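Quick caveat: nothing in here was measured; it's all calculated off a predicted structure. Every chain is numbered from 1 and lettered A, B, ... according to where its sequence line falls, protein lines coming before strand lines.
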Amino acid sequence: MDTPIYCLEGLRKSYDGRAVVDVERLEVQQGEVLALVGPSGSGKSTLLRLLNFLEPPTAGTIVYRGCAYRDHRVSVAVRREITTVFQRPVLMRGSVRRNVAYGLRLRNCRDDRRVAQILTHVGLDSLAKAQAQRLSGGEMQRVALARALVVQPTVLLLDEPTANLDPYNVALIEDIVRRENGESGTTVVLVTHNVFQAKRLATRVGLMLSGRLVEVAPARQFFDSPADARTAAFVRGEMIC
Amino acid sequence: MMQRTCRLLIRLPFWTCLLGLAAVPLGAQAAAAEQGVLRLATTTSVADSGLAAAILPDFERRNSCRVDVIAVGTGQALSIAGRGDADVVIVHALKQELAFIAAGHAKQRDEIMVNDFVLIGPADDPAQAAGAATSADAFRAIAAARATFFSRGDKSGTHTKELEVWSAAGITLGKGTAWYRSLGQGIREVLLAAHEQRAYTLTDRGTWLALRTKLPELRIVFGGERPQANKDPGLINRYAVLAVDPASHPAVNAALAERFVAWLRSPEIQQQIGQFGVTQFEQPLFYPAAR
Amino acid sequence: MDEIFRGLVRAASLIWAADSAVLEIICLSLVVTGLALAISTLIGVPAGAVLGLWSRVRVRGLVTVLLYTGMGLPPVVVGLAVYLLLSRSGPLGGLGWLFTPSGMVLAQTIIALPVVAGLTMTAVQSVDPALRLQVRALGATRWQELAAVLREARIGVMAAIVAAFGSIISEVGAVMLVGGNIEGQTRVLTTAIVLNTRMGEFDLALALGIILLLLTFFANTALFWLQQRVGG
């Protein structure tokens, strides 16, 4: 059995005394697609930020690849193994190609071939020279995804990546994620409020309510025969926030 | 390409600035080292009248040096010299000069030229100060008539002399004297203001002669058309040169300063001083006074 | 009105004749202000960015007020302070910068620095926090994050530089005190204007004023063009 890539123990994050994340224990397996679902404000995005070492936890430990961290001050090398695609793609001035290559530039690396490859992979090769900030929503999100994938992350975190997109782009992006996970074995943690997306993509699904992890189970079990009553209610669409 | 341009844009000013920073003081220092620089702090009347520009090139030539003229009021000139920031001063305020010497900033004063002060006023002379026998009487007339009087109010030589005359006239200038305005500015600004407001003011004759074409509404009310005709000997304006004492301020250019004093007192330069402005104003602006 | 017209004519004739004394004055004005602007930009932009991004919340308020006060410093007060600093009797007298262009550059840099730093800090604080998060999530170090934020805030930063330029090209108090308005050495446009006004030479003073305005206009045109290019 492989060691989990993440192991969270007693992880808590509070803002102004209010606990936004309170996860007793969670393991993320290498190469899996873990979907985190739950109503808005349940702490899913905060948890992702903690996983990407963007913020320090108030308490608890994150064991990443065997090393335990109680803080977000990890080495740059470690932080660079993980990347996040947010709900709103924040692109910079310049061409699509330039934006996609940004992560490589940060790492002082230049690989035009890989950039071209990834652009083809996400279906943007015809727009490589276009001004990134003038694209449509779906195209911009694909640029953001390409930007994240080009650095070949060990862990890909997705924070509601398709929340604002039309079904065509949703399908495109899900396809890219699926391929990435399948071909490169990238671990994916996906936060979504789209239950169907979770069903389509995830190997395991976790339900978060008010910062707590209510249930984590393989996808089929989560949807067909959840252990917790609240999970059942959520799956049925009866979740009141 | 944008990035390259940005990098260039950052590098260019950076290097320009480094080079500039290096060049400016180096350039100045190199020049100074080659030539030697004499810093002369002087009153505005000496510089603005054009005397400095007329006679200094001779000194610069003879000593292969450069004379930097800092033309400010007497008070500021003495302050600058008192901090060792100037090597030599030319001022015209005896009391302040003596205090300067007493404080140890200079060993002695050497008179180099004189002219006189005159009372300027509106052409119609509402205070009827023209008929006075002495400057004190003229001032008393102005006070009695409550005619507007502009003062420099800046511890300059002119201001010092003006206060002496008020004191001799027995007049104290306090709160009730609305007709007396203290401007805190140089002599030319005050003359121009006096012209605008038809006011009285005290000035040195040299400045008056240089500026009178711009002041058609004013005339000399007391002091006569020439210094010889000035009824009041108390209005004599004595200019002196003081070299800053290197014992108190070791960084001054004492050697050049000494030569400067000697040069100013030399018969040749004294004669030049006496001839300055004669063609333009039909009378000298300054009279040689070195003894 | 008469004088303004004469001033215009005089300005034109001075420029046309390339009067050497005037050229010297113009040159020195540009060099002193240009250097001061360059130095204050090199120091002020990174300083403002660091303050905007990384200062603790409590400290930031105090720093902001200090910078705003610095922006409003009367140039003549700065000039007096620098004069006392560079005086032979002062702590930095050994530098020999008093009554030289170097001293003037120092004084003007001090005036321009709070403007550049303060306005850069404000520009940086207005950048979308989502950008900072995204850039860090992509693996940026602190300094790479700063660079990304500065790039995003570039229009505001350019405006800071323009504002600083405006504040020092037209100031006279500092350069007068620290430079001494020495003919051929430290006389710039503003001090020359004061001198000529004092001497009653209004035509020449106006002419120099018009030349100063023209210079400022062209410099601002260049800065504006640069802002457009960089802003894209």
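Met92(A) and Leu131(C) get closest at one heavy-atom pair: CG-CD1, 4.3 Å. Closest approach of Arg136(C) to Leu54(A), counting heavy atoms only: NH2-O, 2.9 Å. The two residues Ala148(A) and Leu138(C) have their closest heavy-atom pair at CA-CD2, 4.4 Å. Considering all non-hydrogen atoms of both residues, Leu133(C) and Arg49(A) come closest at CD2-CD, 3.7 Å. Considering all non-hydrogen atoms of both residues, Val135(C) and Leu106(A) come closest at O-CD1, 4.2 Å. Nearest heavy-atom pair across Gln144(C) and Arg80(A) is OE1-NH2, 3.0 Å.
Tyr15(A) OH: more than 12 foreign heavy atoms inside a 6.0 Å radius. Annotation for Arg107(A): atom CZ counts as buried by contact number, over 12 foreign heavy atoms lying within 6.0 Å.
If you measure heavy-atom distances from Tyr102(A) to chain C, the contacts under 4.5 Å come from the side chain alone. Contacts between Val76(A) and chain C at a heavy-atom distance below 4.5 Å involve the side chain alone, from C-beta outward. Looking at Leu157(A), there are no atoms closer than 4.5 Å to chain C (heavy atoms on both sides), in backbone or side chain. For Arg147(A), the parts sitting under 4.5 Å from any heavy atom of chain C are the backbone and the side chain alike.
For the pair Arg88(A)/Asp128(C), a side-chain contact is recorded, criterion being any heavy-atom separation below 4.5 Å from C-beta on.
No side-chain donor-acceptor contact under 3.5 Å links Arg93(A) to the backbone of Glu152(C).
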